[in-house]
Amino acid sequence: MHKDISEILVSQQEIDDICTTLGKQLTKDYEGKNPLLVGLLKGCVPFMSDLSKKIDLKLEQAYMSVSSYHGGISSSGNVNIKMDLDISIQDRDVIIVEDIVDTANTIVTIINLFKHRGAKSVKVATLLDKPAGRTQTYEPEYVGKTIPKAFVVGYGLDFDEYYRNLPYVGILKPEVYKK
Ligand code: PRP
């Protein structure tokens, strides 16, 4: 385990099992459809990669870069689109792929944007859900694991752009971000 991590919250094996389970569920729920997976960069990258391989459907993948943290440990509340989609979502069944839903500011903003752009349906698959962090009522449709209110990094999640490459999700030692 990395020296800056106090506890592993979601192990590599558990992440693998989550991808298999959610992949099977999405395959069933979207049978006969041609969904568009939209990953919200950068945190989504490992999950998008592993989850998409477990979905047995004809599907497309696209990315959008949004940010609300600006390097800190809590959401700023403002969601910035840094890079937009390169594909139309009009009349598409969109599945947004996220690493974590915390305050839900990011996801609710993007869902509203996609509906405004004419998506046929918009649902969310998130590896982690942290309901204790919510500042508004929102529940994602597909959740890998519900976690307590702790600052987590790894498997796409960062602190100041570091730790995204850890193969598991772990709790960052407070002394690291309180420095
Ligand atoms: C993180 C994460 C989600 C969002 C969740 O992204 O990937 O998109 O914050 O937080 P919220 O529910 O409070 O809005 P971030 O803005 O840190 O960008 P990143 O994916 O590039 O790390």
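Counting starts at 1 for both ligands and their atoms, following the listed order. All values reported here derive from a predicted model rather than from experimental measurement.
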Is a salt bridge present between [X] and [Y], judged by a nitrogen-to-oxygen distance below 4.0 Å?
| X | Y | answer |
| --- | --- | --- |
| Glu31 | Lys28 | no |
| Arg164 | Asp99 | no |
| Arg134 | Asp129 | yes |

Could you tell me if any non-hydrogen atom of [X] lies under 4.0 Å from any atom of ligand 1?
| X | value |
| --- | --- |
| Glu161 | no |
| Ile107 | no |
| Val66 | yes |

Subject >> Location of contacts on Lys130 toward ligand 1, heavy atoms closer than 4.0 Å >> reply: neither

**OP:** With heavy atoms under 4.0 Å as the rule, classify the contact between Thr103 and ligand 1 as side chain, backbone, both or neither.
**Re:** both

Original post:
With distance as the sole criterion, is a donor-acceptor pair present between the side chains of Tyr162 and Asp4 under 3.5 Å?
Top reply: no

Original post:
Taking atom types as modelled and ignoring hydrogens, do the side chains of Asp93 and Tyr30 form a donor-acceptor contact shorter than 3.5 angstrom?
Top reply: no

Atom indices of ligand 1 within 4.0 angstrom of [X] heavy atoms, with elements:
| X | value |
| --- | --- |
| Ile100 | 2 (C), 3 (C), 5 (C) |
| Leu41 | 20 (O), 21 (O) |
| Asp102 | 10 (O), 11 (P), 12 (O), 13 (O) |
| Gly43 | 19 (P), 20 (O) |

**OP:** Answer yes or no: is there a donor N or O on one side and an acceptor on the other, between the side chain of Asp16 and the main chain of Gln12, under 3.5 Å?
**Re:** no

**OP:** Check whether any side-chain N or O of Arg92 sits under 3.5 Å from a backbone N or O of Gly118 as a donor-acceptor pair, and report yes or no.
**Re:** no

**OP:** Going by heavy-atom distance to atom 14 (O) of ligand 1, choose the closest among Thr106, Thr126, Ile96.
**Re:** Thr106

**OP:** Could you tell me whether Ala104 and ligand 1 have an N or O pair separated by under 3.5 Å?
**Re:** yes

**OP:** Kindly indicate whether the side chain of Glu60, heavy atoms from C-beta on, has any atom under 4.5 Å from the side chain of Ile87.
**Re:** yes

